[in-house]
Amino acid sequence: MSEQTEALVKRYTENGITTLTLNQPERRNSLSVAMLEALSTELESISDDSDTRVVVLAAAGQVFCAGHDLKEVREQIDNHDFQLKLFNLCSKVMQQIVNLPKPVIARVTGVATAAGCQLVASCDLAVAADTARFATPGVNIGLFCSTPMVALSRNVSRKHAMEMLLTGEMVGAIKAERIGLINQVVDEQVLDESVYRLAATVAGKSSCTLKIGKEAFYKQLEMGLADAYDYTSEVMASNMQIADANEGIGAFLEKRKPEWKDE
């Protein structure tokens with residue numbers, strides 16, 4: 001890991017849970033090119049890391065992520081190649097999260113706006129402090145949140161997504177939970193306890209099974225009903241052939257705790 005990567009994204013692993021912390025609070029953890037490259041590097045590394053079973057995505061300071069670095073964007077306002085590179089890189093990172101063979105949980109405090117809201121929506125699960133707020137406010141500055149819209153519209157209903165996109169207004173944590181953007185709202189004092197309890201629960205499952213299930217979940221979402229059932233039937237039949245399925249079924253029938261081989 002380069003010094004720059006280490007400075008921008010901190011990584012810590014314990015008990016199968018790897019925490020990636022966006023670490024530029026003085027810039028509101030904005031998704032500059034450098035931050036996105038650092039995050040991409042860490043996600044790529046974690047993909048094949050056998051010590052990591054679950055990822056927690058957190059942020060230092062009082063802001064989870066304020067989206068793209070508008071100062072950086074403004075400096076390159078007439079440079080179409082730079083802008084395309086930036087948004088393609090951001091899209092790559094969001095897809096890395098979805099395609100990562102390990103579940104990713106967002107730990108949210110403060111605000112998550114624009115691409116920061118996109119980051120939360122791209123994670124598999126999200127737990128937020130009751131003081132957290134979310135928005136896709138690009139419309140307020142003449143820059144519609146088109147790429148954040150992709151993740152947002154795949155998490156909440158069309159009308160709720162369009163309300164956020166068209167008004168640019170902040171959404172509180174309670175409403176964010178109600179519309180499906182996040183899973184849980186907790187008191188900020190117990191946020192870490194709640195996040196890592198959830199992470200530990202997930203980490204206690206067979207990592208091989210989690211990998212199979214996460215991949216299948218996102219693939220079937222894009223299919224028609226009949227194709228989705230055909231695809232997932234094949235997935236389940238193949239899943240039955242792995243050692244952990246045999247172990248899990250046996251443990252259930254024998255009323256004991258399974259001993260996962262992760263294969």
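Worth saying up front: this structure is predicted, and the values here are computed from it rather than measured. Just the heavy atoms: all of them, side chains too, but no hydrogens, waters or symmetry mates, feed the values below.
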Quick check for you: to the nearest 0.5 Å, what is the distance between [X] atom [atom1] and [Y] atom [atom2]?
X	Y	atom1	atom2	value
E37	L31	CD	CG	12.0 Å
R107	L198	CZ	CG	13.5 Å
I249	N246	CD1	CG	7.0 Å

[X] vs [Y] side-chain heavy atoms within contact, under 4.5 Å:
X	Y	answer
S206	K261	no
V56	T18	no
P25	V63	no
Q118	L152	no

### Task
Give a yes or no answer on whether the side chain of S238 reaches the backbone of V235 with a donor-acceptor pair at less than 3.5 Å.
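Here the side-chain-to-backbone pair does not exist.
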Practice item. Report yes or no: does N23 contribute a side-chain atom to a donor-acceptor pair with the main-chain N or O of V9 at less than 3.5 Å? Key: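 No.
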### Message
Walk me through whether E222 and R154 qualify under salt bridge (Lys or Arg N to Asp or Glu O under 4.0 Å).
### Response
CA-CA 10 Å; E222 306 303 321; R154 282 163 170 73; 3.7 Å; yes
- Task: Can you spot which of R53, K211, K205, K102 makes a salt bridge (charged side-chain N to carboxylate O under 4.0 Å, His left out) with D262?
- Result: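 Single salt bridge (charged side-chain N to carboxylate O under 4.0 Å, His left out) partner of D262 among R53, K211, K205, K102: R53.
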>> Quick check: closest heavy atoms across A115 and M94, and the distance to 0.1 Å?
In response: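 The pair with the smallest heavy-atom distance is O-CE, 3.8 Å.
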inquiry  = Restricting to non-hydrogen atoms, name the atom on G168 and the atom on N140 that form the minimum distance, rounded to 0.1 Å.
reply    =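 Shortest heavy-atom separation between G168 and N140 comes out as O-ND2, 3.5 Å.
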Neighbour count above 12 (heavy atom, 6.0 Å) for L166 CG
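It does: L166 CG has more than 12 such atoms within range.
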